[in-house]
2 protein chains.
Amino acid sequence: MPRKSAGKPPADPSDSKSARTRERILDAAAHVLSRKGYAGTRLGDVAEQAEIQAPAIYYYFSSREVLIEEVMWVGVARLREHVAEALEALPPDTAPMDRIDTAVEEHLRFQLAISDFATAAIRNAGQVPEDIRTRQLAEERKYGDIWRTLLHDAQKAGELRADLEPRAARMLVLGALNWANEWWNPRQGSLDVVVRTAKSLVRHGLEVPTTREQGGARPSGGSRGRRTATSAGRTA
Amino acid sequence: MPRKSAGKPPADPSDSKSARTRERILDAAAHVLSRKGYAGTRLGDVAEQAEIQAPAIYYYFSSREVLIEEVMWVGVARLREHVAEALEALPPDTAPMDRIDTAVEEHLRFQLAISDFATAAIRNAGQVPEDIRTRQLAEERKYGDIWRTLLHDAQKAGELRADLEPRAARMLVLGALNWANEWWNPRQGSLDVVVRTAKSLVRHGLEVPTTREQGGARPSGGSRGRRTATSAGRTA
DNA sequence: CTCATTATCTAATCTAAATTAGACTATAAT
DNA sequence: ATTATAGTCTAATTTAGATTAGATAATGAG
């Protein structure tokens with residue numbers, strides 16, 4: 001492992017040559033793992049992608065499993081951060097269903113277009129050995145909390161249909177998004193189209209049907225009849 | 001391989017001892033593969049589950065890959081047959097969206113409660129080596145055709161919202177269902193609840209909102225009154 | 001310039017499974 | 001009973017990769 005005091009270039013721990021090589025290996029592992037799957041991930045392939053020899057990996061990671069586990073952990077962590085930041089950037093009064101829209105879009109874009117780590121984590125969740133799986137679950141739960149909250153808020157606001165069981169609805173929605181890793185490919189369709197379709201599908205799938213008759217919205221009781229178009233969008 | 005003319009019990013090819021052992025191995029492989037994944041499936045585990053010794057597998061299958069490929073092929077084939085039969089059993093005048101309801105329910109029930117083969121096929125679709133994957137794709141396309149038709153019919157009948165891109169919508173719906181293998185477990189919730197939630201989610205997710213005010217249902221050409229709301233896109 | 005360490009390489013080892021060999025057993029036809 | 005063949009077992013053999021050993025290079029500190 002990279003020791004401390006010695007002949008090391010920049011005292012900066014985050015950008016030393018060592019740190020960069022480690023990153024390169026991690027990136028390479030995410031690349032391979034996201035495409036070949038847990039079984040198909042050879043340290044030889046990772047090394048090749050990182051432009052080193054396989055044994056050099058052991059200078060930074062104590063084993064193949066440890067390397068893979070870190071990739072998967074990073075994958076979920078970054079996905080969570082990405083979605084969380086997108087949500088935090090929304091105006092505080094954004095309607096619950098619009099927040100879900102954002103989460104759907106960011107989850108999809110992040111895993112499909114941005115991060116091999118997220119793809120690796122999602123696609124291999126059910127393939128890794130027991131012990132990795134267990135620790136991974138803890139991290140996944142944290143991400144799940146975001147969605148739990150999103151749906152819960154929608155429910156409180158009366159925007160969620162009552163016939164939906166919250167947990168099942170949440171997992172089904174996440175499943176629709178996660179599974180996109182299995183079929184979407186930039187060569188056969190635009191990501192925007194997928195995002196647009198997913199947002200519509202999820203919104204209408206969850207939302208209480210709007211009774212928009214010309215008679216005027218009946219502001220019965222509480223905060224129904226939301227509407228709230230939020231900020232500039234990327235809709236076509 | 002089981003030869004022909006010799007000391008064989010029943011001339012019936014489908015129920016010979018040989019055929020039954022072969023089945024047992026196939027079932028065992030589906031059992032293990034559906035739970036442990038492609039990487040984790042050891043012939044030793046399969047053999048144990050089938051109550052034989054590992055090398056005996058080679059009497060029926062020429063290699064681990066051949067065995068796994070057959071499990072996966074059977075998985076998709078049976079899933080397709082199951083869903084197809086359920087659809088054929090419906091009254092001929094069943095509305096497109098009700099047919100989709102049926103497909104959702106049967107797909108879910110079959111994979112979650114009935115067939116390890118379907119689970120194995122779905123969960124490992126993206127994990128098997130290239131050559132298996134390619135052949136598997138052909139079989140999957142046949143199943144996909146059922147769904148393509150379902151959505152297409154719904155579209156023709158004006159029951160499908162126009163803002164949904166058909167292929168993306170189909171894959172997202174199938175993803176929601178397929179992913180259930182990753183999280184559903186009989187110990188933490190009733191399958192009925194999942195099925196009910198999925199049906200509702202999919203129906204409302206796809207369907208043109210019903211204007212069930214005192215007038216009749218008006219599947220008018222355009223989709224008026226659209227919802228606006230667009231997330232704040234592309235966050236930094 | 002020389003040294004201490006880091007970083008990386010090449011050449012073994014090790015090991016878990018898959019696969020093969022070859023013997024043994026069970027069964028039904030004769 | 002005898003025997004041919006199916007079916008199964010135990011004991012090798014093989015092999016792909018992970019992991020280790022043991023040099024060898026690179027580099028900043030002094």
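Each chain gets a letter, A, B and so on, in the order the sequences are listed, and its residues count up from 1.
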Over how many whole Å does the gap from [X] atom [atom1] to [N] atom [atom2] extend?
| X | N | atom1 | atom2 | value |
| --- | --- | --- | --- | --- |
| B/Arg64 | C/dA18 | CZ | P | 6 Å |
| B/Ile25 | D/dG7 | CD1 | P | 11 Å |
| B/Ile57 | D/dC9 | CD1 | P | 10 Å |

List the atom pairs, with distances to 0.1 Å, where a side-chain N or O of residues 73-81 of chain B and a protein N or O form a donor-acceptor pair under 3.5 Å, not counting sequence neighbours.
unit_1, atom_1, unit_2, atom_2, d
B/Trp73, NE1, B/Glu139, OE1, 3.1
B/Arg80, NH2, B/Glu139, OE2, 2.8

With sequence neighbours left out, write down each residue that passes side-chain hydrogen bond (donor to acceptor under 3.5 Å, both in side chains) with [X], or none if nothing qualifies.
| X | answer |
| --- | --- |
| B/Trp183 | none |
| B/Arg133 | B/Glu140 |
| B/Glu182 | B/Arg123 |

Taking salt bridge (charged side-chain N to carboxylate O under 4.0 Å, His left out) as the definition, give me every residue that meets it alongside B/Asp192, ordered by chain and number, with sequence neighbours left out.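 Partners of B/Asp192 by the salt bridge (charged side-chain N to carboxylate O under 4.0 Å, His left out) criterion, ordered by chain and then number, come out as B/Arg109.
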Quick one: salt bridge (Lys or Arg N to Asp or Glu O under 4.0 Å) pairs with a partner in residues 42-59 of chain A, sequence neighbours left out?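 Applying salt bridge (Lys or Arg N to Asp or Glu O under 4.0 Å) to every pair that reaches into residues 42-59 of chain A, excluding sequence neighbours, yields A/Lys36-A/Asp45.
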Got a sec, which pairs hit ring-ring contact (aromatic ring centres under 6.0 Å, His included) with one end in residues 108-135 of chain A, sequence neighbours left out?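 For residues 108-135 of chain A: A/His82-A/Phe110.
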With B/Arg64 as the cation and B/Tyr38 as the aromatic partner, state whether NZ or CZ is under 6.0 Å from the six-membered ring centre and within 45° of the axis. yes
If you restrict it to nitrogen or oxygen atoms, what contacts under 3.5 Å exist between nucleotides 8-11 of chain C and the protein, and what is each distance?
unit_1, atom_1, unit_2, atom_2, d
C/dT8, OP1, A/Thr21, OG1, 3.4
C/dT8, OP2, A/Tyr60, OH, 2.6
C/dC9, OP2, A/Gln53, N, 2.9

Residues from residues 35-45 of chain A sitting under 4.0 Å of DNA chain D, heavy atoms only?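 Listed by number, they are A/Thr41, A/Arg42, A/Leu43, A/Gly44.
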